[in-house]
Amino acid sequence: MTVGEKIKYIRTFRGMTQQQLGVAIGLSAKGADNRMAQYETNYRVPKKDMLEDIAEALDVSPLNFISPVSGSAEDIMQTFFWLDEDNPEALHFFPMSPSKKKYGTGSTIKAQYDDNDDMPASAPVGMWFNYNSVNDFMHEWMTHKQELADGEITQAEYLEWKLNWPDTCTERGSSHQPCEPKHKWRKSDSETES
């Protein structure tokens with residue numbers, strides 16, 4: 001998705017009009033909706049400080065619009081998060097466990113899967129990241145995607161988790177230890193605070 005499409009997507013999710021968002025970022029009420037329409041259609045591209053203001057007004061991480069370092073763990077995760085929003089059936093997660101058989105190194109790495117009706121007709125391609133923090137983040141994502149599939153969280157909670165990630169992280173490190181997120185994203189979390 002383009003930056004403009006993301007702004008519109010999140011604004012709609014938040015239930016805001018273009019004028020409400022424009023006024024929230026400091027635009028005059030008279031032209032706020034027109035300016036936001038220009039941003040959302042990519043006719044105009046907001047500068048970095050404006051994107052930060054938009055992120056704050058929408059109560060989301062600026063990472064949705066601004067990548068601090070191309071190829072960083074955060075950039076990789078945002079790319080996948082938005083792919084998931086654009087095409088929810090594109091990404092599938094499954095846990096892997098080590099085999100007792102050792103293959104050594106190089107291209108002899110092999111993974112097996114249980115063939116079932118959910119698998120594609122041709123064998124899927126496996127991928128892993130030799131990037132520890134991305135692997136850790138992907139593990140947490142797999143957990144929340146499964147919670148969504150099991151009905152333990154709502155679609156809105158799942159999107160909220162992605163929109164405010166990494167402040168919504170609920171586990172840390174390769175041991176996947178639970179931790180308290182900086183930003184509450186589960187409805188039950190915010191309801192218990194009231």
Side-chain angles (χ1 to χ4, degrees), residues 1-3 5-7 9-10 13 46 48-49 51-56 58-113 124-150 152-190:
M1 284 188 191
T2 65
V3 168
E5 290 169 331
K6 291 176 186 178
I7 293 169
Y9 191 89
I10 299 168
F13 175 67
K48 181 181 177 191
D49 59 337
L51 289 171
E52 290 170 347
D53 291 344
I54 290 170
E56 185 176 341
L58 291 171
D59 190 27
V60 298
S61 169
L63 292 172
N64 288 286
F65 309 123
I66 305 163
S67 176
V69 179
S70 182
S72 66
E74 293 80 5
D75 185 46
I76 291 168
M77 294 302 292
Q78 286 299 322
T79 299
F80 283 133
F81 286 162
W82 283 103
L83 173 61
D84 186 49
E85 281 307 303
D86 200 31
N87 186 354
E89 296 303 315
L91 301 173
H92 298 274
F93 298 90
F94 52 90
M96 295 184 72
S97 53
S99 163
K100 292 184 179 9
K101 186 174 181 181
K102 296 274 186 187
Y103 289 102
T105 60
S107 61
T108 57
I109 295 172
K110 297 179 182 177
Q112 296 178 331
Y113 63 95
V125 174
M127 179 172 83
W128 63 280
F129 295 92
N130 192 12
Y131 195 154
N132 289 341
S133 56
V134 172
N135 279 326
D136 297 341
F137 297 147
M138 292 297 242
H139 181 274
E140 180 181 8
W141 189 10
M142 177 183 69
T143 301
H144 294 315
K145 196 156 175 118
Q146 188 61 52
E147 289 174 336
L148 176 64
D150 293 344
E152 296 172 22
I153 60 173
T154 65
Q155 186 68 42
E157 288 172 315
Y158 178 63
L159 178 56
E160 191 70 46
W161 174 77
K162 291 188 290 185
L163 291 175
N164 280 292
W165 183 90
D167 288 344
T168 52
C169 285
T170 56
E171 62 182 44
R172 294 278 187 242
S174 58
S175 61
H176 312 296
Q177 293 296 312
C179 66
E180 190 66 29
K182 294 177 189 173
H183 185 94
K184 300 295 183 193
W185 59 276
R186 292 180 192 257
K187 288 182 183 171
S188 58
D189 290 340
S190 57

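As the structure is a computational prediction, the values presented were derived from the model and not from experiment. Reckoned from all heavy atoms, side chains included, excluding hydrogens, waters and symmetry mates.
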Point-to-point distance, once rounded to the nearest 0.5 Å, from CG of L163 to CG of D59: 9.5 Å
Heavy-atom side-chain proximity of Q146 to F93 below 4.5 angstrom: no
Contact check, side chains of F80 and V134, non-hydrogen atoms, under 4.5 Å: no
Closest approach of C179 to C169 (non-hydrogen atoms, all atoms of both residues): SG-O, 3.7 Å
H144 ring center within less than 6.0 Å of W185 ring center: yes
Residue pair P166 / L63, side-chain heavy-atom distance below 4.5 Å: yes
E171 side chain vs E140 backbone, donor-acceptor pair below 3.5 Å: yes
Approximate separation, where rounding is to 0.5 Å, of N87 CG and W82 CH2: 14.0 Å
Plane angle bin for W141 and W161 - parallel if under 30°, tilted between 30 and 60°, otherwise perpendicular: tilted
Validation row: K162, Y158 side chains within 4.5 angstrom (heavy atoms): yes
E160 side chain reached by T168 side chain, heavy atoms, under 4.5 Å: no
Rounded distance [0.5 Å steps], CG in D84 versus NZ in K145: 3.5 Å
Parallel, tilted or perpendicular: rings of H176 and H139 (30°, 60°): parallel
Side chain to side chain, F137 and I76, heavy atoms closer than 4.5 Å: no
N/O donor-acceptor pair under 3.5 Å between E52 side chain and P62 backbone: no
Interatomic distance, L58 atom CG to F65 atom CZ [nearest 0.5 angstrom]: 5.5 Å
I66 side, atom CD1; D75 side, atom CG - distance, nearest 0.5 Å: 12.5 Å
T143 side, atom OG1; L148 side, atom CG - distance, nearest 0.5 Å: 12.5 Å
E152 atom CD, over 12 foreign heavy atoms within 6.0 Å: yes
Validation row: I7, L51 side chains within 4.5 angstrom (heavy atoms): yes
Worked verdict on N64 versus Y9 for side-chain hydrogen bond (donor to acceptor under 3.5 Å, both in side chains): CA-CA 11 Å; N64 288 286; Y9 191 89; over 6 Å; no
Side-chain heavy-atom pair Q78, W165 within 4.5 angstrom cut-off: yes
